[in-house]
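Note sheet for the following structure.
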Amino acid sequence: MKSLRLRSFAKVNLGLEVLGVREDGYHELRTLFQTIDLADEIVLVPSGRGVRVVCDHPLVPRDESNLAARAAQLLRSYGRIGQGVEIRIHKRIPVGGGLGGGSSNAAAVLLGLDRLWKLGLGPDGLHRLAVKLGADVPYFLLGGTALGLARGDEVYPLRRQIRGYTVLVDPGIHVSTARVFARLDGRLTTRENSNSIYYFVSRELEGPGGYRFLQNDLEEAALEEAPELRVQTGRIRDVLLREGACLASLSGSGSSYFGLFEDARPAKRARAALDAEGFRAHGARTLTLEQYRGAWGRSRNRLRQ
Ligand code: C5P
């Protein structure tokens with residue numbers, strides 16, 4: 001029987017603006033997604049009749065609340081597949097850190113099972129299933145540097161793909177995305193539009209350097225939700241900017257904090273400086289759309305009997 005081994009990459013939000021609350025209760029967003037080469041390993045093993053998740057991380061659910069399991073169930077009923085699958089997940093992406101690990105796993109399962117079960121869903125079919133699973137899942141079908149609109153699920157790749165180095169710190173504090181958005185609601189002034197991400201995108205067309213336009217509207221609400229984060233992120237941010245990061249920000253609703261660097265050397269220095277201050281920092285390179293597709297293509301070669 002064939003099994004498939006895949007890498008499921010993390011993302012950071014280089015900027016995130018919240019424009020207002022939508023009729024469906026979700027929020028209207030403008031965000032800039034970027035995949036990085038920090039990845040979980042996933043092995044899909046056809047087996048039995050049901051969907052089973054095997055994962056050694058204590059915070060990852062193994063029941064049907066796991067987004068990867070829901071992705072497999074959705075595909076099974078869509079394709080009327082009788083066969084089951086075991087989804088083995090080896091976690092490297094921090095759980096609940098705003099790095100999209102769960103959404104990325106779900107997208108990897110959609111792409112992987114579409115191939116294993118020869119469903120031939122194509123980009124539109126996969127996108128239709130991905131939006132049912134979560135707002136960030138469609139982005140992971142694409143990867144690279146991309147603009148996310150609507151709930152974050154309308155995704156457009158940018159013409160200039162960012163090539164850089166990120167340094168990440170995961171403070172290990174779980175922040176609920178739903179609660180961060182709810183906290184924001186009290187002070188949200190609904191806007192028809194917002195400019196900072198668009199400024200960035202148009203600047204990027206002229207050349208790099210528009211990072212100062214970017215901000216994360218969830219950052220303040222996340223720090224109120226988890227006040228113990230405030231002092232830590234303040235210190236992390238200072239080190240990252242001092243070492244030359246062109247952007248330092250919380251990712252999504254947190255709690256991971258990251259810096260983006262154009263060159264490898266200052267990124268390395270920032271990592272060392274953070275380690276010296278007692279933080280455990282990780283380095284990861286950004287992945288362009290092409291690199292993301294390439295990594296995905298290579299996983300095909302690992303199809304084995
Ligand atoms: O779609 P997903 O389940 O990943 O989103 C988690 C939570 O984040 C949602 O339940 C919702 O409360 C909030 N959210 C939102 N608006 C978005 C995306 C997420 O309010 N555009």
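What you see is a predicted model; the values in this text were computed from it and never measured. Numbering of ligands and ligand atoms starts at 1, following listing order.
Counting the atoms of ligand 1 from 1 in the order shown, those under 4.0 Å from a heavy atom of G134 are 1 (O). Shown in contact with A178 at under 4.0 Å from a heavy atom are these atoms of ligand 1, numbered in order with element: 12 (O). Close approach to R151 involves these atoms of ligand 1, each under 4.0 Å from a residue heavy atom: 17 (C), 18 (C), 21 (N). In the vicinity of L29, heavy-atom distances shorter than 4.0 Å reach the ligand 1 atoms 21 (N).
Regarding atom 8 (O) of ligand 1, its nearest protein heavy-atom neighbour is T177 CG2, 3.3 Å. Shortest contact from atom 11 (C) of ligand 1 to any protein heavy atom: Y26 CE2, 4.2 Å. The protein heavy-atom contact nearest to atom 1 (O) of ligand 1 is A135 N, 2.8 Å. The nearest protein atom to atom 20 (O) of ligand 1, hydrogens excluded, is given as H27 ND1, 2.6 Å; this is a heavy-atom distance. Counting protein heavy atoms only, atom 13 (C) of ligand 1 is closest to F181 CD1, 3.3 Å.
Between K91 and D40 a salt bridge is recorded (basic side-chain N to carboxylate O distance below 4.0 Å). Salt-bridge check for R70 with E64: failed, with every basic side-chain N at 4.0 Å or more from each acidic carboxylate O. A salt bridge links R230 to E220: at least one charged side-chain nitrogen sits closer than 4.0 Å to a carboxylate oxygen.
Other residues, nucleotides and ligands contribute over 12 non-hydrogen atoms within 6.0 Å of the CZ atom of R269.
Side-chain contact annotation: T145 with Q34, donor-acceptor N/O pair under 3.5 Å present.
Residues Y165 and F261 place their aromatic rings such that the two centres sit no closer than 6.0 Å.
Put simply, the side chain of S251 gets close to the backbone of G98: a donor and an acceptor are under 3.5 Å apart.
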